[in-house]
Amino acid sequence: MISVNVKFFGPLREIVGEERKLELPDACTGDVAFEKLASSYHGLHKWKPSVRLAVNLEYVQFSHELHAGDEVSFIPPVSGG
Amino acid sequence: MISVNVKFFGPLREIVGEERKLELPDACTGDVAFEKLASSYHGLHKWKPSVRLAVNLEYVQFSHELHAGDEVSFIPPVSGG
Amino acid sequence: MVAVTHTPIDVERIFREIATPRSGGIDVFVGTVRNHSHGKRVRQLEYSAYVPMAEKLMAEIEQEIKRKWVIESVALVHRVGMLQIGDVAVVTAVSAHHRDAAFEACRYAIDRVKGVVPIWKKEYFEEGMAWVVGQHEVDVQT
Amino acid sequence: MVAVTHTPIDVERIFREIATPRSGGIDVFVGTVRNHSHGKRVRQLEYSAYVPMAEKLMAEIEQEIKRKWVIESVALVHRVGMLQIGDVAVVTAVSAHHRDAAFEACRYAIDRVKGVVPIWKKEYFEEGMAWVVGQHEVDVQT
């Protein structure tokens, strides 16, 4: 098992809160992490098609494998500017 | 005969000075006015291919006919900015 | 120079910081808070950011620009927090020897900042509020 | 808003003047005095203008821009007199609802100002000086 920190911003923060510690199996992908969260937070599921995965401050594919201590975030469509 | 005021700017001002009153025949064009000035100020002739004529603050053709009291200027290539 | 800041953006200071004795042209884009959005009257806007990631991506955009154009200096600054109508939300600025490069790079800068930097806008209307999600609004139940 | 001015140009003030509650984007081009020209070290620059004609043409450029693009406001300001390295010589600025229009119109503005407005630049080097005539320099005998 590994433990990762997931941060939420913008509209997702209103659904989940600021931050969640997540216990995940080894060699688990971002996709699995999202599904685990979505099973606890119903409002999250509809966001799946539009969010991007960020690991340690970088955008990566949902198939990216997470490691212990990673800082993970699901990034809703940005609207700066 | 008509009388027009000719103003000079930029490099032409160093050749002719700030302003010259010019006595010209009726129905005289900007071209004739330039030639008359160039016969008095030798340095002026080489500028003919590059200057533009302005009458009463507007660019016009050298064939433009001048009228009494017109404010005339021969505008060397501009270099603002 | 990149920054996500809680304090008002000083446009003149940014322009002074990126002007160099070698640069003849500086293009500065300033994004301000509009009083309307999709036909509705906006009272104020709240910007929030994933700050360390936003600053990292903005630094990457700065480097991209320096690779793509021959320029002197770049500034990318985005404000977060509650903003009022007319407040400066974002500034992108590029100084360059040639104005072609300054305009092109500045345009690229604001497009990239709007497209990838993790910053979100919440609009407060006369009644209710909405997150702006990419180009769309999603009403918030409150 | 157009002006030929002898006093230093305040970029922040221009930007404030053309920002409107309806405009979301403002593009500001700032031309500053460079420390070099055609490989020679420049000490200072002197700009002179046929002021009433310059302001008339700048007002015409403002109207052209308002016809060509959907924009909120335009500012064209050129300084004359003796300028030092880094001084602001010219500012063109356009506020608009959409940033596309702001960038395009601002670019058009500076190109037109440089191309048609009767303003001339004289460069002072370590030794001697030169009028800039369009894109060329002509040495001045002194």
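Chain letters run A, B, ... following the sequence lines, proteins first, then strands; residues in each count from 1.
- Interface remark: C:Leu45 contributes no atoms to any contact with chain A (heavy atom separation under 4.5 Å).
- Between the C:Tyr50 side chain and the A:Lys7 main chain, no donor and acceptor come within less than 3.5 Å of each other.
- Residue A:Arg20 qualifies as enclosed at atom CZ: its count of foreign heavy atoms under 6.0 Å is above 12.
- Scanning both residues, C:Met53 and A:Glu58, for their nearest heavy atoms gives CE-C, 4.3 Å.
- Within 6.0 Å of the CZ atom in C:Arg41, the count of heavy atoms belonging to other residues, nucleotides or ligands does not exceed 12.
- In terms of heavy atoms, A:Gly81 sits closest to C:Val90 at CA-CG1, 3.7 Å.
- Taking C:Ala54, C:Pro52, C:Gly31, C:Ala89 one by one and counting their heavy-atom pairs under 4.5 Å with chain A, the maximum is reached by C:Pro52.
- Within 6.0 Å of CD in C:Gln84 there are more than 12 heavy atoms belonging to other residues, nucleotides or ligands.
- Under the 3.5 Å distance criterion, the side-chain polar atoms of C:Tyr47 are left unmatched by any main-chain donor or acceptor of A:Ser79.
- Heavy atoms of C:Ala49 lying under 4.5 Å from chain A belong exclusively to its backbone.
- Looking at C:Lys114, the atoms closer than 4.5 Å to chain A (heavy atoms on both sides) sit in the backbone and in the side chain alike.
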- [ ] Begin from the C-alpha positions of A:Arg13 and C:Trp120 and carry the test side-chain contact (heavy atoms from CB on, under 4.5 Å) through to its verdict.
- [x] CA-CA 11 Å; A:Arg13 180 170 286 190; C:Trp120 298 272; over 6 Å; no

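- Of all heavy-atom pairs between C:Gly115 and A:Val78, the closest is O-CG2, 3.4 Å.
- The minimum heavy-atom distance linking A:Tyr59 with C:Val116 is given by the pair OH-O, 2.6 Å.
- Residue-environment remark: CD (C:Gln63) exceeds the threshold of 12 foreign heavy atoms within 6.0 Å.
- Among all heavy-atom pairs drawn from C:Val133 and A:Pro11, the shortest one is CG2-CG, 4.3 Å.
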